[in-house]
Amino acid sequence: MTRMFALVDCNNFYVSCERVFDPSLQDVPVVVLSNNDGCVIARSNEAKALGIRMGAPAFEHREIFEKHGVQVFSSNYSLYGDMSSRVMSSLNRIVPDMEVYSIDEAFLILDSLPQSPESFARDLREKILKWVGMPVSIGIGPTKTLAKIANRFAKKHLEHSGVLDLGSPGMRSTCLELTDVEDVWGIGRRYALLLKSYNVRNALQFSRQSRDWVQSRMTVEGVHILLELQGIPCHFLDRTPRPNKTIISSRSFGRCVETLQELQTALACYVTRAAQKLRHQGSVCSGVTVFVYTNRFRQDLPQHSPSGTANIMYPTDHTPTLIRHALNALEGIYRPGYSYKKAGVMLTRIEPRARKRPTFFQPGAGREKKEKKLMSAMDHINARWGRNTLQPAETLYAPGDWGIKREKLSPRYTTSWDELPVAS
DNA sequence: TCTGGGGTCCTAGGACCC
DNA sequence: TCTGGGGTCCTAGGACCC
């Protein structure tokens with residue numbers, strides 16, 4: 001028996017999260033905006049029908065928003081993260097063999113079911129709706145790529161049932177033929193352009209190309225897509241989340257900033273967040289890359305987007321050390337006279353803390369012990385009393401109004417006692 | 001006026017070594 | 001003036017994902 005993958009994907013995830021706690025949002029157009037209320041990153045079906053594009057700048061649609069009474073929200077990641085864990089743990093209760101693929105998607109292995117995969121998926125869908133209030137679509141296939149295609153098809157064309165099983169070849173070619181090559185998992189805009197120039201327009205046509213033809217144009221990853229479309233699995237279930245190999249923390253500013261002091265303060269904040277993530281996954285790092293960008297949409301202003309890397313002699317997870325290196329790197333790349341719109345930091349050469357080898361440059365054991373104690377105390381206090389209860393002094397150097405804008409934030413219904421929904 | 005953030009993998013090419 | 005060949009490691013950049 002071939003093993004079947006199911007892909008469960010939450011419908012319009014961020015919008016659905018907002019709807020769970022505010023039923024008046026049902027059946028009306030809703031959008032969720034990115035940080036700084038910049039771009040549209042989630043749309044209800046009603047908003048899609050109004051022609052609002054994914055990733056569109058919010059200001060371009062202000063008129064449509066007003067004219068059609070579109071409900072607009074700033075993104076509320078603590079709410080979405082919490083809703084995501086509820087969906088995932090519910091799925092896990094029913095199907096233990098699963099991979100959490102993203103905040104709103106999970107792959108499941110459907111093995112030895114007491115019923116047909118399709119009716120199992122329908123039940124599953126009903127349960128998630130009932131338990132969490134989250135509408136999902138489910139696609140089934142012998143490979144992850146086919147499950148993805150089935151899911152997309154179900155969401156688009158089978159809204160009522162929300163489930164499609166491509167397990168048997170019957171429907172498969174019809175469905176592949178109706179899937180634009182650009183909508184295949186792993187084929188993006190550039191490859192789609194290339195493929196279309198050879199008259200390969202849909203997934204079925206792509207699946208009939210030769211291995212060599214694909215390999216020479218799209219590397220080995222293209223070959224994996226090809227085989228997966230033919231029903232031969234190349235991607236398997238990744239059950240345990242692996243620690244990140246890079247950790248990025250970056251933000252656009254609410255306004256442009258010019259001074260070194262402001263950039264230093266912002267970067268110290270970003271390093272603080274990144275380092276906390278680093279410790280959370282039990283890692284240390286020895287590379288810190290800092291980058292700053294001017295506003296690329298203001299071509300009338302001088303552009304400058306430098307980056308700089310600091311190499312740390314011994315891997316560490318100590319926030320003050322990482323801040324020191326980041327600020328050194330910043331001084332190396334900063335040029336006055338530019339308006340900066342975005343800055344960020346990337347931690348690289350990450351390795352498990354346990355594997356850390358002693359090196360010649362390592363600080364004495366006593367110092368390392370103190371560093372560890374300090375970080376652990378800071379993490380505990382911030383976990384207990386809120387994220388910025390205790391923070392490095394550098395993050396307070398130039399406080400100001402450069403932070404992000406979130407003007408339409410919904411309450412943190414599920415993660416803050418002060419903002420619980422009230423039943424009246 | 002206003003345009004997000006955080007990841008992965010692959011490959012080519014340079015530096016360096018013998 | 002001639003100017004090998006092969007290996008490894010690292011990084012930047014390109015492509016993709018959500």
Side-chain angles (χ1 to χ4, degrees), chain A residues 7 9-10 12-14 31-42 53-63 65 72-77 80-81 84 99-107 144-145 148 151-152 181-195 215-225 234-235 238 241-256 270 273-274 277-278 281 286-287 289 291 293-301 305-309 311 339 341-350 403-408:
Chain A
L7 176 66
D9 187 333
C10 302
N12 314 327
F13 180 58
Y14 295 169
V31 299
V32 175
L33 305 181
S34 63
N35 272 337
N36 269 323
D37 296 340
C39 296
V40 174
I41 54 168
R53 290 183 344 274
M54 184 68 171
F59 70 87
E60 276 179 11
H61 284 310
R62 203 131 288 161
E63 274 177 33
F65 291 169
V72 180
F73 291 88
S74 302
S75 35
N76 184 345
Y77 288 107
Y80 310 151
S84 175
E99 168 188 346
V100 176
Y101 175 67
S102 73
I103 192 166
D104 68 334
E105 285 170 82
F107 285 105
K144 282 183 164 181
T145 305
K148 270 269 189 187
N151 184 291
R152 197 176 169 282
V181 76
E182 196 165 351
D183 297 324
V184 174
W185 192 36
I187 299 180
R189 243 188 54 234
R190 298 306 290 260
Y191 282 146
L193 273 176
L194 177 87
L195 291 168
Q215 163 87 53
S216 68
R217 289 165 180 81
M218 300 172 65
T219 82
V220 63
E221 286 185 298
V223 175
H224 290 159
I225 299 171
C234 299
H235 301 301
D238 204 351
R242 273 193 289 268
N244 291 336
K245 297 174 175 172
T246 59
I247 292 174
I248 296 174
S249 175
S250 72
R251 288 283 178 284
S252 295
F253 302 127
R255 61 164 171 83
C256 281
Y270 306 155
R273 294 208 53 192
K277 276 195 206 169
L278 183 72
Q281 69 168 34
S286 56
T289 297
F291 50 90
Y293 294 149
T294 49
N295 188 344
R296 68 198 160 100
F297 295 103
R298 291 291 302 273
Q299 289 297 323
D300 54 318
L301 297 177
S305 305
S307 69
T309 299
N311 297 311
S339 278
K341 180 61 179 167
K342 179 175 178 172
V345 63
M346 175 161 72
L347 305 182
T348 59
R349 291 200 300 250
I350 290 175
I404 60 169
K405 277 189 289 193
R406 295 207 290 180
E407 288 172 351
K408 302 182 170 162

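Here is how names work: the chains are called A, B, and so on, in the same order as the sequence lines, proteins then strands, and each is numbered from 1.
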Looking at every strand, decide which applies to A:Asn244 at a 4.0 Å heavy-atom threshold: base, sugar-phosphate, or nothing. sugar-phosphate
Within the 4.5 Å heavy-atom criterion, are A:Arg62 and A:Phe59 side-chain neighbours or not? yes
Students should find that the end-to-end axis angle of the helix from B:dG5-C:dC18 to B:dC18-C:dG5, with five pairs defining each axis and rounding to 10 degrees, is 10°
Touch class at under 4.0 angstrom, heavy-atom based, for A:Leu33 against every strand present: nothing
Sugar-phosphate only, base, or nothing, as touched by A:Ser75 at under 4.0 Å among non-hydrogen atoms: nothing
Residue mapping more 5' on DNA chain B - nearest nucleotide basis, A:Lys277 or A:Thr219: A:Lys277
Side-chain contact, heavy-atom cut-off 4.5 Å: A:Leu195 with A:Arg217? no
Over all strands shown, is A:Arg242 touching base, sugar-phosphate only, or nothing at heavy-atom distances under 4.0 angstrom? nothing
Answer yes or no: are there more than 12 heavy-atom neighbours, outside A:Glu63 itself, under 6.0 Å from its atom CD? no
P spacing across the pair C:dC18 / B:dT3, given as an integer number of angstrom: 25 Å
Decide side-chain hydrogen bond (donor to acceptor under 3.5 Å, both in side chains) for A:Thr246 and A:Thr348; before the verdict, give the C-alpha distance in whole Å, the side-chain angles of both, and the deciding distance to 0.1 Å. CA-CA 5 Å; A:Thr246 59; A:Thr348 59; over 6 Å; no
Please list, chain by chain and in numerical order, all residues satisfying salt bridge (Lys or Arg N to Asp or Glu O under 4.0 Å) with A:Arg190, sequence neighbours excluded. none
Does A:Ser250 or A:Arg298 map to a spot on DNA chain B nearer the 5' end, using the closest nucleotide for each? A:Arg298
Below 4.0 Å from chain A heavy atoms, what is the first contacting nucleotide of DNA chain C and what is the last? C:dT11 to C:dC18
For A:Glu60, answer base if it contacts any base atom (sugar-phosphate contacts may also be present), sugar-phosphate if it contacts only those atoms, and nothing otherwise; contact means non-hydrogen atoms under 4.0 Å. nothing
Over all strands shown, is A:Ile187 touching base, sugar-phosphate only, or nothing at heavy-atom distances under 4.0 angstrom? sugar-phosphate
Does CZ in A:Arg53 sit with more than 12 non-hydrogen atoms of other residues, nucleotides or ligands closer than 6.0 Å? no
Going by the angle between their ring planes, with limits at 30° and 60°, are A:His61 and A:Phe65 parallel, tilted or perpendicular? tilted
Does any non-hydrogen side-chain atom of A:Ile350 lie less than 4.5 Å from one of A:Ile247? yes
If you look at every strand shown and take non-hydrogen atoms under 4.0 Å, does A:Val40 touch a base, only sugar-phosphate, or nothing? nothing
For the residue pair A:Tyr77 and A:Tyr14, categorise the inter-ring angle as parallel (less than 30°), tilted (30 to 60°) or perpendicular (more than 60°). perpendicular
